[in-house]
Amino acid sequence: MNPPRRLPPVVLLLLVVAALTGCEPLSALSPGAGSQPPPAGALVVSFIDVGQGDSVLVQSGGKSYLVDAGKPQEGPNVVDFLRSRGVEKLDGIVVSNPDADHIGGFVDVLDAFEVSTVYLSGDPKGTATYNSFLRGVRDEGSTVEESRSGDVYDWGGTEADVISPPPGALFSETNDNSVGILLTFGTARVLLAGDAEKKGEEYMSVGPHTGPLTVLKVTHHGSNTSSTPLFLSRFKPRIAVIQVGEDNSYGHPTPQTLRRLQTVGAKVFRNDEHGDVIVTIKDNKADVAVTEP
C-alpha cells in the first residue's frame, strides 16, 4: 500500500480570500496552520488530493464528516490528512456513490477512526470493493442511514440538506444516484454531489434549493457529461473545486466543462494543480488555501 503523501503544513499557502460579496487582497497562513483544527465559529471544507477520486472533509462546530475516501490505495493518505486536521473521530461518513474511487479508502478510515453514522444512497453495487466496505461498516457497528432528497441533518451548526437522489425510485445510472448534499452556513452555500450527471443535475436544478453557491465540488471530476448549462445556471458557483488526478486517462476536466465554469464566473481550483484545497468560511468570507501554490 502506498505511503501517505501529506505535504508539510508550512507549505500551505493562502491563494485567494474570496468574500461572499466580493474579493479581498491575498495573504498567507501562518506556519503550521495546516496541522491545526479548524477555527471556532467556522465551516471548513477540505477537498483532499486523492488523485482521480473524491474525498471531502467537512468540519463544523466540533463535528467532522467525511464525504467519500478515494480509491483503496488512498486510504492512508486520507487518514493522515484527517489527523493533520485534528480529527479524532468521525460523526459521519457519506458514500456519495459506491464506485471504487469514492469508497476504496474507507476501509482504512474505519480502521483508524470511530465512525458514528454511515450515509448511503441506497444504490446497489455488488463489487468486491463495495462488499469490503460494507463488511468494515458492519465490524465498526456504525448506524447506517439511506439518504434521499428531503432529508435534513445538523452537522455541528451547519445545515446539511440532501437534495438528491429522489426519495422514490432511483435513476438507472449509478452516477445520477450520487448523494447530493447542500451545506448552508450563514449566507454561505456549499454543494457536494459526487458524480451526478445530466439526470441527477436536472433533478437538483428543478428542486427547491437552487440559488448561487459559495463553493461547488464540480460533479464527476469535470466530465463533459456533467456541469450542464442548466445546472450551472441554477447553482451559479463563485468557487469551483475539481477533484481530479494528474494526467488521468479520462481527459478530466474537459475543455467544455472548464469553459462552462468560466462562463458563470467561477474561480476554479483543481487537486491535480493545487493539491489539497481547503475552504474556510467564517464571518461571511471564504478563504481558499492550497498545498501546491
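Throughout, residue positions are numbered sequentially from 1 according to the sequence presented.
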At their closest point, which heavy atom of [X] faces which heavy atom of [Y], and how far apart are they?
X: A42; Y: T280; result: CB-CG2, 4.2 Å
X: G62; Y: D91; result: O-OD2, 4.4 Å
X: D108; Y: G75; result: OD2-CA, 3.5 Å
X: V50; Y: G70; result: CG2-CA, 4.1 Å
X: G41; Y: F185; result: O-CZ, 3.5 Å
X: H209; Y: I163; result: CD2-CG2, 3.3 Å

| query | Is atom CD of E173 surrounded by more than 12 heavy atoms (other residues, nucleotides or ligands) closer than 6.0 Å? | reply |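 Check fails, neighbour count at 12 or below.
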| message | Tell me whether Q262 at atom CD has more than 12 heavy atoms from other residues, nucleotides or ligands lying less than 6.0 Å away. | response |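 No, CD of Q262 has 12 or fewer neighbouring heavy atoms, counting only those of other groups under 6.0 Å.
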Return the [atom1] to [atom2] distance between [X] and [Y], rounded to the nearest 0.5 Å.
X: T143; Y: Y119; atom1: OG1; atom2: OH; result: 9.0 Å
X: R238; Y: K267; atom1: CZ; atom2: NZ; result: 15.5 Å
X: Q52; Y: D101; atom1: CD; atom2: CG; result: 7.0 Å
X: I242; Y: D272; atom1: CD1; atom2: CG; result: 8.0 Å
X: R259; Y: Q256; atom1: CZ; atom2: CD; result: 5.5 Å
X: S227; Y: L232; atom1: OG; atom2: CG; result: 5.0 Å

| said: The test is side chain to side chain contact (heavy atoms under 4.5 Å, CB included); show your working for L66 and I48 and say whether it passes. | reply: CA-CA 10 Å; L66 183 65; I48 308 169; 4.3 Å; yes
| request: Tell me whether V94 is reachable from L192 by hopping between hydrophobic residues (I, L, V, M, F, W, Y) whose side-chain heavy atoms are closer than 4.5 Å. | output: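 Same hydrophobic cluster.
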Taking [X] for the side chain and [Y] for the main chain, is one N or O donor matched with an acceptor at less than 3.5 Å?
X: T291; Y: D276; value: yes
X: K217; Y: G194; value: yes
X: R148; Y: P166; value: yes
X: R189; Y: P212; value: yes

With the side chain counted from C-beta on, respond yes when [X] and [Y] share a heavy-atom pair under 4.5 Å apart, and no when they do not.
X: F113; Y: I93; value: no
X: V118; Y: E140; value: no
X: D54; Y: V67; value: no

Donor on one side chain, acceptor on other, [X] and [Y], under 3.5 Å:
X: N248; Y: H221; answer: no
X: E74; Y: S55; answer: no
X: T117; Y: Y153; answer: no
X: T254; Y: T257; answer: yes
X: S121; Y: N177; answer: no
X: D68; Y: S96; answer: yes

| query | Do NZ/NE/NH1/NH2 and the carboxylate oxygens of D283 and K285 come within less than 4.0 Å? | reply |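 The answer is no: the pair does not qualify as a salt bridge.
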| request: Kindly determine whether V218 and L261 satisfy side chain to side chain contact (heavy atoms under 4.5 Å, CB included), including the steps that lead there. | output: CA-CA 9 Å; V218 177; L261 292 168; 4.0 Å; yes
| said: Checking F269 against V279 for the side chain to side chain contact (heavy atoms under 4.5 Å, CB included) test, could you report, in this order, the C-alpha distance in whole Å, the side-chain angles of both residues, the deciding distance, and whether it holds? | reply: CA-CA 11 Å; F269 293 88; V279 182; over 6 Å; no
| Is the charged tip of K199 near the ring of Y203: under 6.0 Å from the six-membered ring centre and within 45° of its axis? |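 No, cation not above the ring by the 6.0 Å, 45° rule.
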| message | One pair to check against side chain to side chain donor-acceptor pair (under 3.5 Å): T187 and N284. What are the steps and the verdict? | response | CA-CA 7 Å; T187 60; N284 291 332; 2.9 Å; yes
| task | Would you please name every residue forming a side chain to side chain donor-acceptor pair (under 3.5 Å) with T127, sequence neighbours left out? | result |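 Partners of T127 under the side chain to side chain donor-acceptor pair (under 3.5 Å) test: none.
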| Steps toward side chain to side chain donor-acceptor pair (under 3.5 Å) verdict (T263, R260) | CA-CA 5 Å; T263 297; R260 292 171 195 159; over 6 Å; no
| request: Any pair with a residue in residues 157-171 that passes side chain to side chain donor-acceptor pair (under 3.5 Å), sequence neighbours left out, goes on the list, sorted by first then second residue, please. | output: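 For residues 157-171: S60-T158.
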| message | For a side chain to side chain contact (heavy atoms under 4.5 Å, CB included) check, start with the C-alpha distance between H102 and D195, then their side-chain angles and the critical distance, and finish with the verdict. | response | CA-CA 9 Å; H102 293 256; D195 282 354; 2.9 Å; yes
| task | May I have all residue pairs that pass ring pair (Phe, Tyr, Trp, His ring centres under 6.0 Å) and include part of residues 50-69, sequence neighbours excluded? | result | Y65-W155
| Geometric class of the H252/Y250 ring pair [parallel <30°, tilted 30-60°, perpendicular >60°] | parallel
